[in-house]
Amino acid sequence: MYQLCEDVFSREIHRVPVINDKNFLLDIISASDVVSFIAQHIDRIGSVAEATVGELNLGTRNVISMSSSALAIHAFYLMYYHKVSAVAIVDHDDHLVANLSASDIKLIQPRELDMLLQPIMKFKLGKGHPVSLLLN
């Protein structure tokens, strides 16, 4: 796990294929999978769990954000343009209210592409994605 994070994800590669000795694809591990695994086993990682993002030298890139009233297609364009996998969604006071990630587009069928022309929050709700609102 450590080698995966250090050698692969640190180079901003977001997915890694897992293959067997016959070069058959067994699975794909994403950075999100690693985060989920760590969250499930947080009690086993010791003092690192108590460190801040700054102390671990993580999160050093600028956060890309946009208004919650912007169109979903613009958010996906920002991800592409800035080479990031997610965009922070902020309200009119620049408070974080949700996020939109590249994985949010994977459930769209070709006949549903017009959903990309809806505001971000309506897009997320229309696809049945849980909109994780951050409450004060």
Could you list the residues that satisfy side chain to side chain contact (heavy atoms under 4.5 Å, CB included) with Asn20, not counting sequence neighbours? Lys22, Phe24, Leu26
Is a side-chain donor-acceptor pair under 3.5 Å present for Ser36 with Asp33? no
If a pair satisfies side chain to side chain donor-acceptor pair (under 3.5 Å) and one of its residues is in residues 63-76, list it, with sequence neighbours excluded. Ser67-Ser69
Kindly work out whether a path of hydrophobic side-chain contacts (I/L/V/M/F/W/Y, heavy atoms less than 4.5 Å apart) joins Val97 to Leu78. yes
Check the hydrophobic clustering (I, L, V, M, F, W, Y; side-chain heavy atoms under 4.5 Å; chains of links allowed) and say if Val84 and Val63 are grouped together. no
Would you say the side chain of Leu100 lies within less than 4.5 Å of the side chain of Met79, judging by non-hydrogen atoms? yes
Under the ring-ring contact (aromatic ring centres under 6.0 Å, His included) test, residues paired with Tyr81 that sit two or more places apart: Tyr77
Connecting only ILVMFWY residues whose side-chain heavy atoms lie within less than 4.5 Å of each other, what is the rest of Ile28's hydrophobic cluster? Ile19, Leu25
Given the rule in the side chain to side chain contact (heavy atoms under 4.5 Å, CB included) test, do Asn99 and Val87 qualify, once you have shown the distances and angles that lead to the verdict? CA-CA 6 Å; Asn99 74 337; Val87 173; over 6 Å; no
Looking at CG of Asp104 and CE of Met115, how far apart are the two atoms once the value is rounded to the nearest 0.5 Å? 10.5 Å
Do the side chains of Tyr80 and Phe76 join up, straight or via other hydrophobic residues, at under 4.5 Å, putting them in one cluster? no
When every non-hydrogen atom of Ala70 is compared with those of Met66, the smallest separation belongs to CB-CE, 3.3 Å
In this structure, CG of Asn62 is separated from NE2 of His82 (nearest 0.5 Å) by 9.5 Å
Using the side chain to side chain contact (heavy atoms under 4.5 Å, CB included) criterion, which residues pair with Asp93? Sequence neighbours excluded. Asp91, His95
Within a strict 4.5 Å, meaning less than it, do heavy atoms of the Phe123 and Leu117 side chains meet? no
If you group Ile, Leu, Val, Met, Phe, Trp and Tyr by side-chain heavy-atom gaps below 4.5 Å, do Leu71 and Ile120 land in one group? yes
Verdict with reasoning, Ile89 to Met121, per side chain to side chain contact (heavy atoms under 4.5 Å, CB included): CA-CA 9 Å; Ile89 309 303; Met121 301 307 278; 4.2 Å; yes
What pairs with Ile42 under side chain to side chain contact (heavy atoms under 4.5 Å, CB included), at least two apart in sequence or on another chain? Ile38, Ile45, Ala49
Excluding sequence neighbours, so at least two apart, what forms side-chain hydrogen bond (donor to acceptor under 3.5 Å, both in side chains) with Ser101? Ser103
